[in-house]
Amino acid sequence: VLGFDGSAVACGFSLNGMFGSGRLDPATGGFAAAPSDPAVDAVAGVTIVLDPRTGEIRIAAAGADFGAGLATVLAESLLANRTTVEAIAYPRVAPDPGLDVTVVESRMDPGVSDRLALRGHTVRGSAGMGRVSIISCEGSGAGRGCVAATDPRGHGGAVGASGPGA
């Protein structure tokens, strides 16, 4: 959530596995979370970044594989100056320490996999990793503009509104 005064709050959550416990909560009609096991469960990650020089805020939240997705989206948005939509769609690469491999999305330039292999990495392809939702705002005051985007890899949601009381 972004406030028009520049304030921000973000949260992340997980069911600790596909369909959580596998049991529907009769009170809510949703799946109840499974007990957490830090050895195997992915962590829901949340980041809020504020650049005090420009007043730009980037908020991104992700579930499984959040490190690769979140880091890539923020880097492409803040460092490579891509639009929010371009940054969230950009191909990702990340280590998978549990398998001792480097995972590369299939849309990544093939030269990246080749260079990693030459450096001794065991490379594995992936259709997609790290689902991210982001709200990106630029400017300040009346000129402030915000964009909400959901990862094209699937799942999650981002919603935006403009103007006070919207």
Report summary line: Students should find that the hydrophobic cluster of L116, defined by side-chain heavy atoms under 4.5 Å apart, otherwise consists of V93, V104, M108, V112, V123

Report summary line: Taken in chain and number order and not counting sequence neighbours, the residues that satisfy side-chain contact (heavy atoms from CB on, under 4.5 Å) with P110 are none

Report summary line: Tracing side-chain contacts under 4.5 Å among Ile, Leu, Val, Met, Phe, Trp and Tyr outward from L118 reaches none

Query raised in the report: Side-chain heavy atoms under 4.5 angstrom apart, residues restricted to Ile, Leu, Val, Met, Phe, Trp, Tyr: same cluster for M129 and Y90?
Result: no

Query raised in the report: Is there side-chain contact between V147 and I135, with heavy atoms separated by less than 4.5 Å?
Result: no

Report summary line: All heavy atoms of G29 vs all of L24, minimum pair found to be O-CD2, 3.5 Å

Report task. Could you pull out all residues at least two apart from S106 that satisfy side-chain contact (heavy atoms from CB on, under 4.5 Å)? Result -> none

Query raised in the report: Judged by atom type as modelled, is there a donor-acceptor pair below 3.5 Å linking the side chain of E105 to the main-chain atoms of R92?
Result: yes

Report summary line: Value for OG1 (T150) from CD1 (I134), rounded to nearest 0.5 Å, stands at 11.0 Å

Report task. Return the set of residues passing side-chain contact (heavy atoms from CB on, under 4.5 Å) with A80 (not counting sequence neighbours), or none when no residue passes. Result -> E76, R82

Query raised in the report: Checking R107 side chain against A89 main chain: does a donor-acceptor pair fall under 3.5 Å?
Result: yes

**Report entry** side-chain hydrogen bond (donor to acceptor under 3.5 Å, both in side chains) partners of S113, counting only residues at least two apart
**Finding:** none

